[in-house]
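A short write-up of the structure that comes next.
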Amino acid sequence: MLKRTSIFGAIVLALSGCVTTEQVDNMVASSRPATPEERQIIVDYVRGTFKDPYSIRDARISYFFDNTPRGGYAGCISLNAKNSFGGYIGTKFVSMVINNGQIIRSMEDAPGCHSIQARGIKWQPFTELEAL
């Protein structure tokens, strides 16, 4: 548990602005699109944890970066889905850390996800989530 907390803490710090400009530049330089396997891991996670995953629209996925402590890759997704009352909630951001083929940490409304695009991390459409 401490290992997971440490990894996620580093990501939160990195995504929330508590890093140097050089560290941000290194994150951006090392960022890359999520692999098909990572995308599938996220789809499976969303399918199993979201209230109405079949209503997802406007889904996007950020590039992932691999300079997290002790391995793993971090990135964000954004999406719009229905709540329990059947209404769309607006864009929701979720940060995720993937290590050894599984999501080891996720955080809804992650503060860093709102700002990583401004820091130079790219985003792509995430059509697999919209096709559930």
Side-chain angles (χ1 to χ4, degrees):
M1 182 65 172
L2 182 58
K3 180 179 178 181
R4 290 180 183 175
T5 304
S6 298
I7 291 171
F8 188 69
I11 298 306
V12 169
L13 289 174
L15 295 178
S16 66
C18 299
V19 294
T20 67
T21 302
E22 182 179 348
Q23 289 170 314
V24 171
D25 291 343
N26 289 337
M27 284 182 358
V28 171
S30 71
S31 68
R32 51 139 180 95
T35 65
E37 294 80 16
E38 290 166 334
R39 292 170 80 99
Q40 187 60 50
I41 290 166
I42 294 169
V43 167
D44 293 343
Y45 174 82
V46 168
R47 185 181 288 127
T49 59
F50 277 60
K51 182 73 173 175
D52 186 0
Y54 307 104
S55 69
I56 291 173
R57 64 183 186 191
D58 305 325
R60 297 183 314 141
I61 185 168
S62 74
Y63 273 33
F64 273 50
F65 52 92
D66 60 7
N67 61 347
T68 60
R70 299 185 196 104
Y73 300 90
C76 296
I77 61 171
S78 69
L79 54 89
N80 191 356
K82 290 183 179 179
N83 62 16
S84 299
F85 300 106
Y88 280 94
I89 58 171
T91 301
K92 174 189 273 189
F93 290 90
V94 181
S95 67
M96 298 187 173
V97 178
I98 298 175
N99 197 356
N100 294 323
Q102 62 184 346
I103 293 177
I104 60 170
R105 184 72 177 183
S106 71
M107 176 185 223
E108 291 186 23
D109 300 320
C113 290
H114 297 280
S115 64
I116 64 172
Q117 185 171 355
R119 292 174 175 262
I121 302 288
K122 296 178 184 174
W123 289 77
Q124 297 179 311
F126 199 172
T127 55
E128 299 94 327
L129 278 185
E130 295 177 2
L132 292 178

- Message: As a quick check of understanding, evaluate side chain to side chain contact (heavy atoms under 4.5 Å, CB included) for Tyr63 and Val28, giving each step before the final call.
- Response: CA-CA 9 Å; Tyr63 273 33; Val28 171; over 6 Å; no
- Task: Write down the atom of Met96, the atom of Ile77, and the distance for their closest heavy-atom approach.
- Result: CE-CD1, 3.8 Å
- Query: Can you name the closest pair of heavy atoms from Phe93 and Cys113 and give their distance?
  - Reply: CB-CB, 3.7 Å
- Message: Let me check something: do Phe50 and Tyr54 share a hydrophobic cluster, defined by ILVMFWY side-chain heavy atoms less than 4.5 Å apart, either directly or through other members?
- Response: yes
- Query: Which atom names give the shortest non-hydrogen contact between Thr127 and Arg39, and what distance separates them?
  - Reply: N-NH2, 4.4 Å
- Query: How many angstroms lie between CD1 in Ile42 and CZ in Phe126, if you round to the nearest 0.5 Å?
  - Reply: 5.0 Å
- Nearest heavy-atom pair of Cys76 and Phe64: which atoms, and what distance? N-CE1, 4.5 Å
- Query: How long is the gap from CD on Glu128 to CZ on Arg47, to the nearest 0.5 Å?
  - Reply: 11.0 Å
- Note on the structure: So the side-chain hydrogen bond (donor to acceptor under 3.5 Å, both in side chains) pairs with at least one residue in residues 76-91 (sequence neighbours excluded) are Arg60-Ser78
- Note on the structure: Per side-chain contact (heavy atoms from CB on, under 4.5 Å), Ser31 is matched among Asp66, Asn26, Ile121 by Ile121
- Shortest non-hydrogen contact from Asp52 to Ala81? O-CB, 4.3 Å
- Item | salt bridge (charged side-chain N to carboxylate O under 4.0 Å, His left out) against Glu130, all qualifying residues, sequence neighbours excluded | none
- Enter the distance from Ile103:CD1 to Ser95:OG here, rounded to the nearest 0.5 Å. 10.0 Å
- Considering all heavy atoms of both residues, which atom of Gly101 and which atom of Ile41 are nearest to each other, and what is their separation? O-CD1, 3.4 Å
- Query: What pairs with Tyr45 under side-chain hydrogen bond (donor to acceptor under 3.5 Å, both in side chains), at least two apart in sequence or on another chain?
  - Reply: Ser106
